[in-house]
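In what follows, a single structure is set out as structure tokens and then discussed.
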Amino acid sequence: MKTILDRILEEKQKEVERLKNESKRELSISSTGIQSRPSLYDTFRQSDQLSVIAEIKRASPSKGDINIGIKPKEQAHIYEQGGASAISVLTDTPFFKGTMNDLTEVRQTVELPLLCKDFIIDEVQIDRAKIAGANVILLIAAALSKERLAMLFNYATQLGLEVLFEVHNQTELEVALELDVKIIGINNRDLKTFNVDLTTTERLISQIEDPNRVVISESGITSCEDAEFVSQAGANGILVGETLMQSSNVESELEKLKVKRSTV
Ligand SMILES: O=C(O)c1ccccc1NCC(=O)[C@H](O)[C@H](O)COP(=O)(O)O
């Protein structure tokens with residue numbers, strides 16, 4: 001049976017074909033110029049608090065509509081005011097109801113490190129993320145072969161982008177370590193069952209020995225206790241979507257999540 005990731009990747013393949021046709025006509029990456037943005041890696045490494053990547057997430061396969069009417073600029077401004085260390089924008093449309101334009105708007109509003117959260121399978125998506133103003137892209141280990149991940153990782157790095165390399169299990173973590181990525185995201189959500197289990201972070205992080213890597217615990221973080229748990233496990237940061245998108249007081253929610261970092 002097809003998993004949700006299989007279905008998302010099928011749609012991405014079609015999207016990539018469309019983008020490649022558009023690219024021939026209109027996109028010019030060289031026209032974006034070189035801009036220096038704060039580095040997510042440096043920001044997270046230097047902080048003695050658990051850093052928060054606050055996500056703009058209108059909807060999801062697991063939850064359906066979350067906050068459809070969100071205005072990305074306003075939400076990004078609130079995230080920045082509340083002390084988020086970076087912002088993630090879900091740009092996938094068919095499954096998450098986001099757009100690349102959301103990312104462009106957020107970049108016009110904040111100077112924080114900005115993650116293009118999408119299911120990247122081709123260079124053309126990386127070009128578009130950069131043009132829209134992202135300085136970090138996501139690569140999902142479960143989505144591609146090791147060879148293809150290495151190619152996209154090198155391509156993004158050469159464009160001056162940082163890569164959040166997402167893993168769900170031991171095998172994927174080994175790929176991350178082989179590619180020597182600097183920023184590892186451990187996703188607590190099982191993409192087959194949608195179950196969230198924060199011990200995924202605890203289990204995998206114990207195998208990351210190099211203290212120079214930045215580790216981000218992703219998904220299912222809803223409370224100060226959850227933040228404490230992954231901080232104790234050794235995470236530098238957390239990626240939080242739904243909890244912030246549904247909060248009536250985002251700033252106080254963020255404050256609760258920015259717990260002191262544990263030095264494991
Ligand atoms: O959120 C989903 O349902 C989902 C399903 C399939 C693939 C990816 C999915 N989410 C992307 C993410 O990684 C999360 O948006 C992110 O980690 C924040 O999670 P949360 O705080 O639980 O909203």
Side-chain angles (χ1 to χ4, degrees), residues 37-60 63 65-91 96-99 101-118 132-138 162 164 183 185-189 196 198 201 214-233 235-262:
R37 304 272 184 215
S39 139
L40 185 145
Y41 177 84
D42 291 341
T43 310
F44 282 46
R45 274 276 290 147
Q46 284 155 12
S47 179
D48 57 3
Q49 280 181 332
L50 193 67
S51 301
V52 180
I53 307 180
E55 186 157 271
I56 297 190
K57 182 177 187 182
R58 296 171 195 273
S60 75
K63 293 290 159 64
D65 290 352
I66 296 169
N67 190 339
I68 281 298
I70 196 77
K71 295 198 170 50
K73 280 187 175 186
E74 283 173 21
Q75 188 76 0
H77 186 64
I78 297 170
Y79 283 164
E80 188 171 51
Q81 292 292 110
S85 299
I87 295 182
S88 161
V89 182
L90 262 158
T91 50
F96 294 87
K97 302 190 180 174
T99 65
N101 194 48
D102 291 344
L103 195 138
T104 307
E105 288 195 5
V106 172
R107 176 46 82 215
Q108 288 163 357
T109 313
V110 299
E111 279 301 314
L112 292 173
L114 183 54
L115 167 68
C116 175
K117 190 119 183 4
D118 210 316
N135 54 320
V136 191
I137 59 135
L138 179 74
E162 296 181 280
L164 171 59
I183 311 171
I186 300 178
N187 200 331
N188 302 305
R189 180 174 287 115
V196 167
L198 299 190
T201 291
V214 158
V215 181
I216 308 207
S217 180
E218 305 175 14
S219 302
I221 291 154
T222 63
S223 64
C224 169
E225 289 72 28
D226 290 344
E228 289 280 6
F229 179 80
V230 296
S231 174
Q232 288 291 331
N236 300 78
I238 50 179
L239 172 58
V240 187
E242 194 187 326
T243 302
L244 295 173
M245 290 299 290
Q246 291 184 327
S247 172
S248 54
N249 190 341
V250 174
E251 293 192 18
S252 104
E253 201 68 54
L254 272 167
E255 203 48 53
K256 280 189 257 166
L257 295 173
K258 289 187 299 169
V259 299
K260 185 140 184 56
R261 266 197 66 215
S262 136

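What you see below is based on every heavy atom in this structure, not just the backbone, and it leaves out hydrogens, waters and symmetry mates.
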Nearest heavy-atom pair of Leu198 and Phe229: which atoms, and what distance?
O-CE2, 3.5 Å
Minimum side-chain heavy-atom gap Pro72-Arg107 below 4.5 Å:
no
Under the criterion side chain to side chain contact (heavy atoms under 4.5 Å, CB included), which of Asn67, Asp65, Ile66, Asp102 is the partner of Arg58?
Asp102
Looking only at heavy atoms, the pair that brings Thr109 and Lys73 closest together is OG1-CG, 3.2 Å
Separation between NZ of Lys71 and CD1 of Ile56, rounded to the nearest 0.5 Å
12.5 Å
The side chain to side chain donor-acceptor pair (under 3.5 Å) partners of Ser51 (sequence neighbours excluded) come to none
Rounding to 0.5 Å, atoms OG1 (Thr201) and CG (Asn187) come to a distance of 8.5 Å
Phe44 versus Asn236, closest heavy-atom pair with distance
O-ND2, 4.1 Å
Closest non-hydrogen contact found for Thr222 with Glu253 is O-OE2, 4.2 Å
Quick check for you: to the nearest 0.5 Å, what is the distance between Glu251 atom CD and Gln81 atom CD?
6.0 Å
Got a donor-acceptor contact below 3.5 angstrom from the Ser219 side chain to the Asn188 backbone?
no
Note: Leu164 and Gly185 closest approach over all heavy atoms is CD1-N, 3.5 Å
Here the gap from Asp226 atom CG to Ile221 atom CD1, rounded to the nearest 0.5 Å, amounts to 6.5 Å
Could you walk me through whether Tyr79 and Leu112 pass the side chain to side chain contact (heavy atoms under 4.5 Å, CB included) test, one step at a time?
CA-CA 10 Å; Tyr79 283 164; Leu112 292 173; 5.7 Å; no
Please name the pair of heavy atoms, one in Gly83 and one in Lys258, separated by the smallest distance, quoted to 0.1 Å.
O-CD, 3.5 Å
Among all residues two or more places apart in sequence or in another chain, which pass the side-chain contact (heavy atoms from CB on, under 4.5 Å) test with Ser88?
Ile53, Glu55, Leu115, Lys117, Leu239
What's the spacing between Leu257 CG and Ile238 CD1 if we round to 0.5 Å?
4.5 Å
Donor-acceptor pair, distance only, cut-off 3.5 Å: does the side chain of Asn135 make one with the backbone of Pro113?
no
Heavy-atom side-chain proximity of Val230 to Ile186 below 4.5 angstrom
no
Within the 3.5 Å criterion, strictly below it, is a donor on Ser39 or Glu162 matched to an acceptor on the partner's side chain?
yes
So, taking the atom named CD in Gln75 and the one named CG in Leu244, what distance separates them when rounded to the nearest 0.5 Å?
7.5 Å
Residues which pass ring pair (Phe, Tyr, Trp, His ring centres under 6.0 Å) with Phe96, listed by chain and number, not counting sequence neighbours:
Phe119
